[in-house]
Amino acid sequence: MSKQSIKCLLEHALSQDGVVETGVAGVQLFRVSDPVRCAPAVYEPSVVAIVSGTKEAILDGNSYVYGSDQYMCCSMSMPVEAGTPAASSDNPLLGVIVSLETKVMTELAIEMESAAGAIRRPQNGPLPQGIALSQWDDAFTEALLRLLQLGDSATDTAVLGEGRLRELYYAVLKGEAGATARRAFGVGNEIARAIEFLSSHVNEPITIEDMAAQAGMSRAVFHRKFKQATTMSPIQFVKAMRLNNAAMKIAAGMTVNDAAIDVGYISASQFSREFKRMYGQSPRQWGYANQPAGPQLN
């Protein structure tokens with residue numbers, strides 16, 4: 001019943017396609033009624049909850065398709081391909097995007113460790129990957145409903161918004177995607193810190209040694225743990241982040257040369273070669289084929 005109530009709230013707020021801001025910072029509602037093939041995107045730390053239709057994200061060849069039975073939790077900035085290939089006017093995609101604020105998520109993750117006893121370093125073993133799907137449990141559903149029920153009331157949002165957003169974060173940390181989120185935001189978040197460093201310096205020369213230093217690891221250990229968390233080597237990840245960012249800029253109307261420079265490429269010919277190798281088209285051809293027809297949803 002709570003999920004149906006969430007759907008009713010979204011249908012009321014979204015009379016046409018697009019992305020709508022709510023009164024709570026970092027919380028957006030969206031509707032898509034046209035199929036959109038998967039295209040390069042960069043997911044920032046966030047939760048995406050769908051109440052109607054399905055959405056797809058592809059990370060390093062692995063496809064994550066989710067609808068109203070699961071929500072997606074991305075705990076680190078990730079270069080993906082994302083789209084809504086099954087959206088239609090008869091079955092529009094309706095959903096909510098909630099950005100995960102690092103400071104609050106970190107506080108909650110560490111508080112949860114502390115409440116469970118002494119804060120412990122994570123045990124050795126494979127790291128959870130940066131994207132995870134989780135079943136809608138009662139705690140998540142109720143927290144999301146309570147957050148969206150704030151509506152357009154500036155007073156309710158000012159007084160209750162921060163607490164209800166925190167409640168939703170807590171539900172995510174306790175849910176099926178909680179291991180991924182706790183590892184990214186809590187103790188042992190070295191790989192997430194390295195990715196955050198890369199995301200904020202994507203247009204600068206960055207070496208694997210630079211990223212390993214951010215994580216406090218040797219190059220060999222960093223390479224192994226990084227691939228566990230992202231499925232890609234650090235070099236592949238850096239290249240994908242830069243090229244995905246460039247592809248998004250070109251699709252938005254930026255010139256090929258400006259997009260290349262903006263993501264840290266010095267050589268235009270190298271940029272074009274690597275772009276074509278990844279996407280099968282030159283940057284210019286790709287830009288012509290991917291000009292947006294309306295609001296974009298990654």
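Applying the ring pair (Phe, Tyr, Trp, His ring centres under 6.0 Å) test to residues at least two apart or on different chains, the pairs with a partner in residues 246-274 are Y265-F271, F271-F275. Listed by first and then second residue, the salt bridge (Lys or Arg N to Asp or Glu O under 4.0 Å) pairs involving residues 206-215 are E209-R219 (not counting sequence neighbours). Listed by first and then second residue, the salt bridge (Lys or Arg N to Asp or Glu O under 4.0 Å) pairs that reach into residues 66-85 come to none, sequence neighbours excluded. Applying the salt bridge (Lys or Arg N to Asp or Glu O under 4.0 Å) test to pairs two or more places apart or on separate chains, those with a residue in residues 253-262 are K249-D262. Residue pairs meeting the salt bridge (Lys or Arg N to Asp or Glu O under 4.0 Å) criterion with at least one member in residues 265-280, sequence neighbours excluded, are K239-E274.
The backbone N or O of S267 lies less than 3.5 Å from no partner atom in the side chain of S269, so there is not a single donor-acceptor pair. When atom types are taken as modelled, the side chain of T106 and the backbone of F185 share a donor-acceptor pair closer than 3.5 angstrom. Under a 3.5 Å cut-off, the side chain of S52 and the backbone N or O of P92 do form a donor-acceptor pair. In this structure a side-chain-to-backbone donor-acceptor pair under 3.5 Å is present from S134 to E176. Side chain of S153 to backbone of D156: a donor-acceptor contact under 3.5 angstrom is found. In this structure, the side chain of R182 engages the main chain of L173 through a donor-acceptor pair within 3.5 Å.
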Inset, instruction - Walk me through it: do L148 and V27 pass the test side-chain contact (heavy atoms from CB on, under 4.5 Å)? - result: CA-CA 9 Å; L148 298 180; V27 181; 4.3 Å; yes

Legend entry - side-chain contact (heavy atoms from CB on, under 4.5 Å) between L100 and C73, worked out: CA-CA 9 Å; L100 298 177; C73 176; 4.2 Å; yes

Inset, instruction - Go through the steps to decide whether F30 and V48 satisfy the test side-chain contact (heavy atoms from CB on, under 4.5 Å), and finish with yes or no. - result: CA-CA 10 Å; F30 61 85; V48 182; 4.0 Å; yes

Inset, instruction - Show your reasoning for whether side-chain contact (heavy atoms from CB on, under 4.5 Å) applies to M211 and V238. - result: CA-CA 10 Å; M211 296 179 68; V238 170; 3.8 Å; yes

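Interatomic distance, M217 CE to H223 NE2, rounded to the nearest 0.5 Å: 13.5 Å. Rounding to the nearest 0.5 Å places CG of L144 at 11.0 Å from OG of S5. The distance from atom CD of Q70 to atom OG1 of T54, rounded to the nearest 0.5 Å, is 11.5 Å. One distance of note links CG of N62 with CD1 of I131; it measures 9.5 Å at 0.5 Å rounding. Here the CG atom belonging to L198 is positioned 10.5 Å from the CD atom belonging to Q214, to the nearest 0.5 angstrom. We find the CZ-CG distance between F237 and N244 to be 9.5 Å, quoted to the nearest 0.5 Å.
With a 4.5 Å cut-off on side-chain heavy atoms, L9 and L145 count as touching. A 4.5 Å side-chain heavy-atom check between R224 and V221 finds at least one atom pair inside the cut-off. Side-chain contact between Y169 and E101 is present, with heavy atoms from C-beta onward closer than 4.5 Å. Residues P45 and S77 form a side-chain contact, since some pair of their non-hydrogen atoms from C-beta on lies under 4.5 Å apart. Inter-residue side-chain proximity for L10 and R31 is flagged as unmet; no heavy-atom pair is nearer than 4.5 Å. Between V263 and N203 the shortest side-chain heavy-atom distance does not fall below 4.5 Å. Looking at L59 and M232, their side chains come closer than 4.5 Å, going by heavy atoms from C-beta outward. Residues D60 and T230 have side chains not in contact (no heavy-atom distance under 4.5 Å, counting atoms from C-beta outward).
Heavy atoms only, all atoms of each residue included: M241 and S199 are closest at CE-OG, 3.4 Å. Closest heavy-atom contact between G83 and C38: N-SG, 3.7 Å. The minimum heavy-atom distance linking G53 with L93 is given by the pair C-CD1, 3.8 Å. In terms of heavy-atom proximity, L150 sits nearest to G161 at CD1-CA, 3.6 Å. Listed here is the closest heavy atom pair of A229 and I191: CB-CG2, 4.0 Å. Closest heavy-atom contact between G287 and I250: CA-CG2, 3.6 Å.
By the side chain to side chain contact (heavy atoms under 4.5 Å, CB included) test, D34 is found to be paired with D17, residues two or more places apart in sequence or in another chain being considered. Every side chain to side chain donor-acceptor pair (under 3.5 Å) that R166 has, sequence neighbours left out, goes to E111. Residues passing the ring pair (Phe, Tyr, Trp, His ring centres under 6.0 Å) test with F140, sequence neighbours excluded: Y71, W136. Checked against side chain to side chain donor-acceptor pair (under 3.5 Å), Y64 has the following partners two or more places apart in sequence or in another chain: Q129. Partners of R146 according to the salt bridge (Lys or Arg N to Asp or Glu O under 4.0 Å) rule, which considers only residues two or more places apart in sequence or in another chain, are E167. Considering only residues two or more places apart in sequence or on other chains, S272 meets the side chain to side chain donor-acceptor pair (under 3.5 Å) condition with none of them. Applying the side chain to side chain donor-acceptor pair (under 3.5 Å) test to S99 and every residue at least two apart in sequence or in another chain returns nothing.
Both Y66 and M78 belong to a common hydrophobic cluster when Ile, Leu, Val, Met, Phe, Trp and Tyr are linked at side-chain heavy-atom distances under 4.5 angstrom. When the side chains of ILVMFWY residues are joined at heavy-atom separations under 4.5 Å, either directly or via intervening members, M278 and M254 end up in two distinct hydrophobic clusters. Both V159 and L165 sit in one connected hydrophobic cluster of ILVMFWY residues. Membership requires side-chain heavy atoms under 4.5 Å apart, directly or through other members. Y43 and V19 fall within the same hydrophobic cluster, where Ile, Leu, Val, Met, Phe, Trp and Tyr residues are linked whenever their side-chain heavy atoms come under 4.5 Å apart, directly or through other members. Following chains of ILVMFWY side-chain contacts shorter than 4.5 Å, one can reach I195 starting from I208, so the two form part of one hydrophobic cluster.
When the shell of 6.0 Å around OH of Y279 is examined, it contains more than 12 heavy atoms from other residues, nucleotides or ligands. No more than 12 heavy-atom neighbours from other residues, nucleotides or ligands sit within 6.0 angstrom of CD on E196.
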